[in-house]
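The structure under discussion appears below in the form of structure tokens.
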Amino acid sequence: QVQLVESGGDSVQPGSSLRLSCAASGGSLGDDAIGWFRQAPGKEREGVLCVSNSEDIIYYDESLKGRFTGSRDNAKNTVYLRLNNLKPEDTAVYYCATGHRGACFVYGYPQNYVDWGPGTQVTVSS
């Protein structure tokens, strides 16, 4: 069974950029779409975007388009989430997940996704 692990989270100042990684072990991510989610303190987990197996991007939160983007490197068995111009409201634990299908789900409902990583913390403050 594939296991996902996120990395790249950090404490940064507003306006900074980060690249989060979602690495897989125990299997290949090459055939799977990967969803990125985040959960801020006291809030529900929400969808950020999805990267399909052909690297199409679906934004689950349209307001993040222009600042966040996704990509993948199947040779490294890794999917990325690039966060630009970070704001304090982006502070959250970021998760990657797979629903074991190549196309992205149209809607970013967490219950569509089966296997999850443990998350990586992103904190944005001055």
Side-chain angles (χ1 to χ4, degrees):
Q1 182 178 351
V2 65
Q3 293 184 325
L4 305 178
V5 177
E6 305 89 343
S7 62
D10 203 351
S11 293
V12 297
Q13 294 187 338
S16 299
S17 296
L18 287 174
R19 188 180 73 165
L20 308 184
S21 299
C22 174
S25 61
S28 173
L29 282 182
D31 293 332
D32 287 359
I34 298 297
W36 283 97
F37 294 78
R38 66 182 183 180
Q39 188 166 16
K43 294 187 176 182
E44 294 187 352
R45 192 168 300 187
E46 61 179 11
V48 174
L49 59 79
C50 174
V51 184
S52 77
N53 62 352
S54 58
E55 217 165 0
D56 296 320
I57 308 295
I58 288 183
Y59 283 86
Y60 292 142
D61 183 343
E62 288 284 330
S63 72
L64 299 177
K65 193 180 292 186
R67 293 197 301 123
F68 290 10
T69 191
S71 62
R72 65 192 302 149
D73 186 339
N74 288 338
K76 295 183 178 180
N77 218 21
T78 302
V79 178
Y80 303 99
L81 178 66
R82 179 73 178 183
L83 317 175
N84 293 321
N85 190 22
L86 281 160
K87 303 176 180 181
E89 53 263 41
D90 296 319
T91 295
V93 178
Y94 285 73
Y95 301 88
C96 64
T98 175
H100 297 297
R101 49 182 267 171
C104 289
F105 294 99
V106 174
Y107 300 106
Y109 300 134
Q111 56 265 38
N112 287 338
Y113 289 82
V114 177
D115 292 321
W116 292 77
T120 186
Q121 176 71 48
V122 173
T123 302
V124 186
S125 68
S126 55

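- Note that OG of S25 is 8.0 Å distant from CG of L4, once rounded to the nearest 0.5 Å.
- Summarising the geometry of S63 relative to D61, their closest heavy-atom pair is OG-OD1, 2.5 Å, with the distance given to 0.1 Å.
- Between atom CD of residue Q121 and atom CG of residue L20 there is a gap of 11.0 Å, rounded to the nearest 0.5 Å.
- Atom CG of L83 is separated from atom CH2 of W36 by 8.0 Å, given to the nearest 0.5 angstrom.
- Across every non-hydrogen atom of P14 and S126, the tightest pair is CD-N, 3.8 Å.
- By the 30° and 60° cut-offs, the orientation of the rings of Y60 relative to F37 is tilted.
- Counting only residues at least two apart or in different chains, side chain to side chain donor-acceptor pair (under 3.5 Å) contacts with residues 6-19 comprise S17-N84.
- Side-chain N or O atoms of S28 include one that pairs as donor or acceptor with a backbone N or O of G30 at under 3.5 Å.
- Rounding to the nearest 0.5 angstrom, the gap separating the SG atom in C104 from the CG atom in N112 is 11.0 Å.
- The CD1 atom of I57 sits 7.0 Å away from the OG atom of S52 when rounded to the nearest 0.5 Å.
- To the nearest 0.5 angstrom, N53 atom CG is 10.0 Å from I34 atom CD1.
- Side-chain contact between L29 and R72: present, with at least one pair of heavy atoms (C-beta onward) separated by less than 4.5 Å.
- The distance between the ring centers of Y59 and F68 does not fall below 6.0 angstrom.
- Residues V2 and G27 share a closest heavy-atom pair of CG2-O, 4.2 Å.
- Aromatic ring orientation, W116 versus Y95: perpendicular (interplanar angle above 60°, classes split at 30° and 60°).
- Residues F105 and Y107 place their aromatic rings such that the two centres sit no closer than 6.0 Å.
- Using modelled atom types and a 3.5 Å distance limit, the side chains of D32 and T98 yield a donor-acceptor pair.
- Using modelled atom types, one side-chain atom of R67 and one backbone atom of N85 make a donor-acceptor pair closer than 3.5 Å.
- A donor and an acceptor atom, one from each side chain of T91 and E89, are nowhere located under 3.5 Å apart.
- Annotation: salt bridge (charged side-chain N to carboxylate O under 4.0 Å, His left out) contacts of E46 (sequence neighbours excluded): R38.
- Here the closest heavy-atom approach between residue L49 and residue V51 is recorded as CD1-CG2, 3.8 Å.
- Using a 4.5 Å heavy-atom threshold, the side chains of T120 and V93 count as separate.
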